[in-house]
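What follows is a single structure, written as C-alpha coordinates, with notes after it.
The structure displayed is predicted, hence computed values, not measured ones.
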Amino acid sequence: TSFVPLGITLKKILWYDLGLSNKKSTLLTCFVPYLLYLLGFKKFISVISFVGAIFLGLEAILILLMYKKINPKSKIVNVLILFFLLGIISKLLSH
(Lines give C-alpha, C1' and ligand atoms only; values in the text may rest on other atoms or scores of the structure.)
Protein backbone atom coordinates (compact mmCIF):
# COMPACT_ATOMS: atom_id res chain seq x y z
CA THR A 1 0.00 0.00 0.00
CA SER A 2 2.89 2.37 0.51
CA PHE A 3 4.44 1.72 -2.90
CA VAL A 4 2.28 4.28 -4.71
CA PRO A 5 2.85 7.27 -2.37
CA LEU A 6 6.55 6.43 -2.05
CA GLY A 7 6.81 6.14 -5.82
CA ILE A 8 5.18 9.53 -6.31
CA THR A 9 7.47 11.10 -3.72
CA LEU A 10 10.57 9.49 -5.24
CA LYS A 11 9.55 10.69 -8.71
CA LYS A 12 9.19 14.24 -7.43
CA ILE A 13 12.53 14.11 -5.62
CA LEU A 14 14.26 12.88 -8.78
CA TRP A 15 12.46 15.49 -10.86
CA TYR A 16 12.53 18.61 -8.69
CA ASP A 17 15.51 18.12 -6.40
CA LEU A 18 17.95 16.16 -8.55
CA GLY A 19 17.05 17.85 -11.83
CA LEU A 20 16.11 14.78 -13.87
CA SER A 21 13.46 15.31 -16.50
CA ASN A 22 9.88 14.34 -15.75
CA LYS A 23 10.09 11.40 -18.18
CA LYS A 24 13.36 10.06 -16.74
CA SER A 25 12.13 10.29 -13.17
CA THR A 26 8.91 8.50 -14.13
CA LEU A 27 10.84 5.77 -15.94
CA LEU A 28 13.17 5.20 -13.00
CA THR A 29 10.35 5.11 -10.49
CA CYS A 30 7.86 2.97 -12.40
CA PHE A 31 9.90 0.64 -14.53
CA VAL A 32 12.49 -0.60 -12.05
CA PRO A 33 9.93 -3.00 -10.47
CA TYR A 34 8.80 -4.11 -13.92
CA LEU A 35 12.40 -4.65 -15.03
CA LEU A 36 13.09 -6.76 -11.95
CA TYR A 37 9.99 -8.81 -12.77
CA LEU A 38 11.28 -9.37 -16.30
CA LEU A 39 14.72 -10.36 -14.96
CA GLY A 40 13.25 -13.30 -13.09
CA PHE A 41 11.69 -12.07 -9.88
CA LYS A 42 8.34 -13.73 -10.50
CA LYS A 43 6.46 -12.89 -7.32
CA PHE A 44 5.09 -9.40 -7.83
CA ILE A 45 4.62 -8.72 -4.12
CA SER A 46 8.24 -9.70 -3.47
CA VAL A 47 9.40 -7.33 -6.21
CA ILE A 48 7.35 -4.46 -4.81
CA SER A 49 8.63 -5.19 -1.30
CA PHE A 50 12.25 -5.32 -2.45
CA VAL A 51 12.04 -2.15 -4.54
CA GLY A 52 10.11 -0.36 -1.81
CA ALA A 53 12.76 -1.17 0.79
CA ILE A 54 15.60 -0.02 -1.46
CA PHE A 55 13.87 3.16 -2.63
CA LEU A 56 12.64 4.03 0.85
CA GLY A 57 16.23 3.85 2.07
CA LEU A 58 17.43 5.96 -0.85
CA GLU A 59 14.64 8.45 -0.31
CA ALA A 60 15.53 8.76 3.37
CA ILE A 61 19.18 9.34 2.46
CA LEU A 62 18.20 12.05 -0.04
CA ILE A 63 16.05 13.77 2.58
CA LEU A 64 18.91 13.60 5.09
CA LEU A 65 21.29 15.11 2.53
CA MET A 66 18.83 17.95 1.95
CA TYR A 67 18.64 18.52 5.70
CA LYS A 68 22.43 18.47 5.94
CA LYS A 69 22.61 21.17 3.27
CA ILE A 70 20.26 23.34 5.34
CA ASN A 71 21.94 22.56 8.66
CA PRO A 72 25.59 21.60 8.00
CA LYS A 73 26.50 21.52 11.71
CA SER A 74 24.26 18.54 12.43
CA LYS A 75 26.35 15.49 13.38
CA ILE A 76 23.55 12.90 13.56
CA VAL A 77 22.89 13.07 9.80
CA ASN A 78 25.98 11.03 8.93
CA VAL A 79 25.03 8.34 11.44
CA LEU A 80 21.51 8.14 10.04
CA ILE A 81 22.81 7.95 6.46
CA LEU A 82 25.06 5.07 7.50
CA PHE A 83 22.08 3.40 9.19
CA PHE A 84 19.99 3.59 6.01
CA LEU A 85 22.90 2.44 3.83
CA LEU A 86 23.33 -0.62 6.06
CA GLY A 87 19.60 -1.30 5.72
CA ILE A 88 19.82 -1.14 1.92
CA ILE A 89 22.87 -3.42 1.88
CA SER A 90 21.12 -5.83 4.24
CA LYS A 91 18.08 -5.99 1.96
CA LEU A 92 20.27 -6.51 -1.11
CA LEU A 93 22.17 -9.35 0.55
CA SER A 94 19.09 -11.06 1.99
CA HIS A 95 17.22 -11.17 -1.30
Side-chain angles (χ1 to χ4, degrees):
T1 58
S2 65
F3 179 75
V4 173
L6 286 174
I8 292 169
T9 303
L10 178 64
K11 177 189 176 260
K12 288 182 180 181
I13 287 173
L14 293 172
W15 183 17
Y16 295 126
D17 297 327
L18 296 180
L20 292 177
S21 70
N22 187 21
K23 288 181 182 180
K24 285 181 184 177
S25 62
T26 301
L27 287 173
L28 281 173
T29 303
C30 294
F31 290 108
V32 169
Y34 183 63
L35 180 65
L36 287 173
Y37 179 77
L38 292 176
L39 290 173
F41 294 93
K42 295 300 180 192
K43 294 182 181 178
F44 185 69
I45 299 299
S46 297
V47 170
I48 295 298
S49 171
F50 178 76
V51 171
I54 301 301
F55 280 145
L56 182 59
L58 290 174
E59 187 173 331
I61 290 170
L62 290 172
I63 291 169
L64 286 167
L65 290 172
M66 286 184 262
Y67 178 77
K68 188 174 183 174
K69 192 169 188 176
I70 294 170
N71 188 3
K73 294 180 182 178
S74 179
K75 302 287 186 204
I76 191 75
V77 173
N78 293 333
V79 174
L80 291 172
I81 288 173
L82 179 63
F83 177 74
F84 283 109
L85 278 175
L86 290 174
I88 291 170
I89 292 167
S90 170
K91 186 64 175 178
L92 287 171
L93 293 176
S94 70
H95 203 273

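There is a path of hydrophobic side-chain contacts, each under 4.5 Å, that joins L10 to L92.
Considering only residues two or more places apart in sequence or on other chains, Y16 meets the side-chain hydrogen bond (donor to acceptor under 3.5 Å, both in side chains) condition with none of them. Applying the side-chain contact (heavy atoms from CB on, under 4.5 Å) test to I89 and every residue at least two apart in sequence or in another chain returns L93. Checked against side-chain hydrogen bond (donor to acceptor under 3.5 Å, both in side chains), K12 has no partners two or more places apart in sequence or in another chain. With sequence neighbours excluded, the residues forming a side-chain hydrogen bond (donor to acceptor under 3.5 Å, both in side chains) with N22 are K11, listed by chain and number.
Grouping Ile, Leu, Val, Met, Phe, Trp and Tyr residues whose side-chain heavy atoms lie under 4.5 Å apart, directly or via other members, places L82 in a hydrophobic cluster with L86.
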Which donor-acceptor pairs under 3.5 Å do side chains of residues 54-71 form with protein atoms, sequence neighbours excluded?
residue : atom : partner : partner atom : Å
Y67     : OH   : N71     : ND2          : 3.1
K68     : NZ   : N78     : OD1          : 2.7

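Annotation: the span from L20 atom CG to I13 atom CD1 amounts to 11.5 Å, rounded to 0.5 Å. Expressed to the nearest 0.5 Å, how far CG of L85 lies from OG of S90 amounts to 12.0 Å.
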